[in-house]
Amino acid sequence: MKSFSDSQGFSFNAELISKNASFFRNSLVLAAVEEAPDSSHLIRIITDALTPAFITEKNNSVPSKNQYQQIGNYRVTNYEEKPFYTNEDTEL
């Protein structure tokens with residue numbers, strides 16, 4: 001995204017995405033759910049990353065870290081990554 005925005009002449013706050021990787025990941029998953037996709041959270045964080053107020057941290061309008069802690073009732077900070085195994089993995 002950063003490369004694309006730079007090539008188009010937009011500033012992009014990649015640090016915002018990096019610091020809120022769990023929120024960003026879960027927003028991507030939620031947007032891709034076939035039965036009931038919801039892209040609003042993904043649009044919000046990408047829009048914020050493109051907004052000049054979020055790019056310069058000197059501005060007082062930069063949001064608190066709590067803004068990207070929850071999607072609906074799901075707290076992304078509680079997410080614990082678990083390895084994925086197949087039956088072949090257990091047979092070894």
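All values derive from a computational prediction rather than experimental measurement. Position 1 is the first residue of the sequence, and the numbers go up from there.
Considering every non-hydrogen atom in both T47 and T51, the closest pair reads O-OG1, 2.6 Å. Shown here for A31 and P37, the closest heavy-atom pair between the two residues is O-CB, 3.3 Å.
Considering NE2 of H41 and CG of L28, their distance stands at 12.5 Å, rounded to 0.5 Å. Expressed to the nearest 0.5 Å, how far CZ of F4 lies from CG of D6 amounts to 11.0 Å.
Residues satisfying the side chain to side chain contact (heavy atoms under 4.5 Å, CB included) criterion with A14, sequence neighbours excluded, are K2, F12.
Under the 4.5 Å side-chain criterion, counting only non-hydrogen atoms from C-beta, L30 is not in contact with L42. Side-chain contact between I45 and I17 is present, with at least one heavy-atom pair separated by less than 4.5 Å. The shortest distance between side-chain heavy atoms of L50 and S5 falls below 4.5 Å.
With hydrophobic clusters built from ILVMFWY side chains whose heavy atoms lie under 4.5 angstrom apart, I46 shares a cluster with F10.
A donor-acceptor contact shorter than 3.5 Å is absent between the side chain of N20 and the backbone of F23.
Residue pairs meeting the side-chain hydrogen bond (donor to acceptor under 3.5 Å, both in side chains) criterion with at least one partner in residues 29-39, sequence neighbours excluded, are D38-S40.
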